[in-house]
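Quantities reported herein were computed from a predicted structural model and do not represent experimental measurements. In what follows, chains are A, B, ... by sequence order, proteins preceding strands, each numbered from 1.
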There are 2 protein chains.
Amino acid sequence: MAKYRLLLVEDDTSLGYVLTEYLKMKNFSVLWVKNGKDALTVLLEQPFDLCIFDIMMPDMDGFQLAENINQKNITIPFLFLTARSLKIDLLKGFSLGAIDYIRKPIDEEELVVRLNSLLSILKKTDQKEEELYKIGKYSFSPSNYELKIYDEKRHLTARESELLLYLLKNKNNISRHSDILNTLWGKNDYFNRKSLNVFITHLRKYLSKDDSIKIDNIHNQGFILITSSE
Amino acid sequence: MAKYRLLLVEDDTSLGYVLTEYLKMKNFSVLWVKNGKDALTVLLEQPFDLCIFDIMMPDMDGFQLAENINQKNITIPFLFLTARSLKIDLLKGFSLGAIDYIRKPIDEEELVVRLNSLLSILKKTDQKEEELYKIGKYSFSPSNYELKIYDEKRHLTARESELLLYLLKNKNNISRHSDILNTLWGKNDYFNRKSLNVFITHLRKYLSKDDSIKIDNIHNQGFILITSSE
DNA sequence: ATGAAAGATTAATCAAAGGTTAAAGCCTAG
DNA sequence: CTAGGCTTTAACCTTTGATTAATCTTTCAT
């Protein structure tokens with residue numbers, strides 16, 4: 001089983017250290033940062049499966065961090081792990097989109113089973129791959145990497161296929177640069193972005209035989225596969 | 001939003017009644033049964049989105065119920081809601097496939113947000129809950145930066161979109177210069193104010209196809225998006 | 001009424017982002 | 001170990017859009 005990648009945001013040095021080591025021992029890949037600002041930076045650059053936020057931290061607290069994530073349209077599951085046990089805080093946490101709110105002091109073993117439970121739910125809902133997609137006059141089979149129009153077939157490469165699938169899953173909605181890159185490339189930097197452009201060019205060429213289909217760029221935001229038909 | 005269907009398995013009559021009524025008030029559809037046997041029967045007959053199991057019950061306890069479910073390959077998400085607070089019980093609960101383990105006494109409000117959170121993760125597939133604003137004859141999707149009237153679509157830039165969203169949130173109320181500038185630009189000076197004017201001009205042009213919409217200036221105060229319709 | 005400040009509009013500017021093509025690396029099967 | 005296909009990097013060109021500027025028009029206090 002692939003390691004799950006966790007981002008731990010915790011300003012308390014000793015707790016942060018203990019948790020990081022424990023979770024690593026339990027076969028998680030953990031990045032520990034000590035404040036919300038650093039968290040935002042790495043979230044834009046690297047993919048994670050789940051984030052764990054402390055609330056009370058200097059500079060940017062956990063709530064502010066969650067607000068920032070929502071505002072920036074970063075799609076990442078997160079939960080709060082906090083000493084703040086008041087109900088009002090819990091309600092606020094969930095209303096910000098947290099998938100859990102765990103009160104300190106936490107038993108490490110309990111934390112691990114809760115993390116695994118949440119991660120397995122998240123994974124289950126993410127995996128749903130259909131057999132055949134219709135794109136205007138084209139049809140696309142992600143499992144064979146095959147793009148067909150009329151009788152013409154074209155075999156896409158793995159990357160081309162993944163990218164097209166990603167765009168299709170968000171058909172007529174923005175697929176954000178950062179989300180694409182984090183999902184397909186695993187990181188988001190200058191070179192990946194360039195690479196992404198190259199593959200977008202490929203897909204546009206392959207799909208050029210049906211004018212009702214286009215891949216638009218939304219400046220500084222992402223790409224959007226538009227099918228005007230249907 | 002469609003009602004979620006819950007199955008509550010709880011032998012305590014007064015708690016069962018209170019919970020059922022409370023959850024119904026919170027727009028859940030609830031079936032309450034008092035033992036594991038009845039639970040199994042209705043699970044085979046009716047669909048549910050989520051089940052809530054007490055543990056300590058006569059005849060068949062919650063753990064046995066969960067074991068039965070696994071053995072019969074019934075795929076249904078369930079969680080435990082129990083007075084048994086020992087870690088060993090929690091670990092057993094998760095190992096049986098529970099998606100949460102909530103210790104009594106439970107605050108009803110907290111229970112509801114936890115249920116909603118879990119259900120929204122589970123239903124992530126049809127979680128296409130993109131917000132859409134109506135502005136007279138226009139509709140605006142902030143996540144796609146898309147402004148639509150009839151069949152015409154226009155993609156706004158990030159700034160245009162943010163500004164329109166800000167005005168919409170204060171629809172028919174004044175959006176102050178200083179508030180807009182501080183929120184979107186992060187500072188408020190001569191040049192930003194000039195920039196803001198330019199974007200207001202853009203939005204006015206984009207929205208000019210419906211006379212019932214206008215963006216008025218309140219001298220020295222701010223702007224106000226007015227929709228006379230509705 | 002009048003002048004200064006504020007607002008509206010259009011256009012110019014320029015750095016950043018995107019597009020395209022080709023060459024360079026990198027795997028992997030044979 | 002090498003040939004061929006795929007991905008990444010590079011080079012170069014085009015487009016985009018926030019800002020600034022320039023020029024009118026409106027508002028408001030006096």
Side-chain angles (χ1 to χ4, degrees), chain A residues 44-45 72 142 144-147 153-167 174-208 213-226, chain B residues 144-147 153-167 174-208 213-226:
Chain A
L44 289 170
E45 286 169 353
K72 291 192 164 56
N144 329 324
Y145 299 164
E146 197 176 74
L147 184 65
K153 294 177 184 175
R154 175 191 290 274
H155 206 76
L156 304 190
T157 70
R159 271 271 193 272
E160 288 165 354
S161 222
E162 287 170 3
L163 178 56
L164 180 54
L165 185 58
Y166 194 102
L167 294 170
I174 287 189
S175 303
R176 294 182 173 278
H177 291 139
S178 54
D179 292 342
I180 298 174
L181 291 170
N182 283 329
T183 306
L184 304 195
W185 272 264
K187 63 180 174 176
N188 175 356
D189 64 22
Y190 173 82
F191 291 109
N192 299 320
R193 245 162 287 156
K194 287 296 184 188
S195 222
L196 172 57
N197 285 339
V198 174
F199 283 98
I200 289 287
T201 301
H202 292 171
L203 291 184
R204 280 179 177 145
K205 196 159 64 185
Y206 303 159
L207 294 171
S208 60
I213 306 165
K214 55 181 176 170
I215 299 176
D216 273 6
N217 170 257
I218 313 293
H219 197 87
N220 237 343
Q221 305 298 323
F223 294 99
I224 177 168
L225 176 72
I226 299 179
Chain B
N144 285 341
Y145 304 98
E146 193 179 76
L147 184 66
K153 294 174 184 174
R154 174 191 292 275
H155 277 114
L156 306 190
T157 71
R159 269 271 192 275
E160 288 165 355
S161 230
E162 287 169 1
L163 178 57
L164 180 54
L165 187 59
Y166 194 102
L167 294 170
I174 190 165
S175 303
R176 302 190 162 274
H177 291 140
S178 54
D179 293 341
I180 298 173
L181 290 170
N182 285 325
T183 306
L184 303 196
W185 272 263
K187 63 180 174 176
N188 174 357
D189 64 23
Y190 173 82
F191 290 109
N192 298 320
R193 242 162 290 152
K194 288 296 184 190
S195 223
L196 172 57
N197 285 337
V198 173
F199 284 99
I200 289 289
T201 301
H202 292 171
L203 291 184
R204 281 179 177 145
K205 194 159 66 185
Y206 302 158
L207 293 171
S208 61
I213 306 165
K214 54 182 176 169
I215 300 176
D216 275 5
N217 171 257
I218 313 292
H219 196 84
N220 246 339
Q221 304 297 318
F223 294 99
I224 177 167
L225 177 71
I226 298 178

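- An angle of 40°, rounded to 10°, separates the two end axes of the helix from dA1(C)-dT30(D) to dG30(C)-dC1(D), each defined over five pairs.
- Between the Ser208(A) side chain and the Lys205(A) main chain, a donor and an acceptor come within less than 3.5 Å of each other.
- With sequence neighbours excluded, the residues that form a salt bridge (charged side-chain N to carboxylate O under 4.0 Å, His left out) with Glu162(A) are Arg159(A).
- For the side-chain hydrogen bond (donor to acceptor under 3.5 Å, both in side chains) test, no residue two or more places apart in sequence or in another chain qualifies with Asn197(B).
- To the nearest 0.5 angstrom, Leu165(A) atom CG is 11.0 Å from Leu156(A) atom CG.
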Using atom names, set out every protein N or O paired with an N or O of nucleotides 27-30 of chain C below 3.5 Å, distance rounded to 0.1 Å.
none

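- Residues meeting the ring-ring contact (aromatic ring centres under 6.0 Å, His included) test with His155(B), sequence neighbours left out: none.
- Spacing between atom CG of Leu196(B) and atom P of dT19(D) amounts to 11 Å, rounded to whole angstrom units.
- Checked by atom type and distance alone, the side chain of Arg204(B) pairs as donor or acceptor with a backbone atom of Ile215(B) at under 3.5 Å.
- Across the protein-nucleic acid pair, Arg159(A) atom CZ and dC26(C) atom C1' stand 13 Å apart, rounded to whole Å.
- Contact between Ile174(B) and Gly222(B) at its shortest, heavy atoms only, is CD1-N, 4.1 Å.
- Residues of residues 178-191 of chain A having a heavy atom closer than 4.0 Å to DNA chain C: none are found.
- Checked against side chain to side chain contact (heavy atoms under 4.5 Å, CB included), Asn182(B) has the following partners two or more places apart in sequence or in another chain: Ser178(B), Asn188(B).
- For His202(A), the ring-ring contact (aromatic ring centres under 6.0 Å, His included) criterion is met by Phe199(A), not counting sequence neighbours.
- In this structure, Ser195(A) reaches the bases: a heavy-atom distance under 4.0 Å links it to at least one base atom across the strands shown.
- Remark: Tyr145(B) engages no residue in a ring-ring contact (aromatic ring centres under 6.0 Å, His included) (not counting sequence neighbours).
- At whole-Å resolution of the value, CZ in Phe199(A) and P in dT21(C) are 16 Å apart.
- Residues passing the side chain to side chain contact (heavy atoms under 4.5 Å, CB included) test with Ile224(B), sequence neighbours excluded: Asp216(B), Ile218(B), Ile226(B).
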Treat primed atoms plus P, OP1 and OP2 as sugar-phosphate and everything else as base, then score nucleotides 6-16 of chain C 5' to 3': B for base contact with protein heavy atoms under 4.0 Å, S for sugar-phosphate contact only, - for none. SBBBB------
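- Contact record, Trp185(A) with Leu196(A): CH2-CA, 4.1 Å, taken as the closest heavy-atom pair.
- Phosphate proximity of dT7(D) to Thr157(A): present, with a side-chain N or O under 4.0 Å from OP1 or OP2.
- Taking atom CG on Leu156(B) and atom C1' on dT16(D), their separation rounds to 15 Å, with Å as the unit.
- The distance between atom CG of Leu163(B) and atom P of dG17(D), rounded to the nearest whole Å, is 16 Å.
- Qualifying side-chain hydrogen bond (donor to acceptor under 3.5 Å, both in side chains) partners for Gln221(B), counting only residues two or more places apart in sequence or in other chains: Arg176(B).
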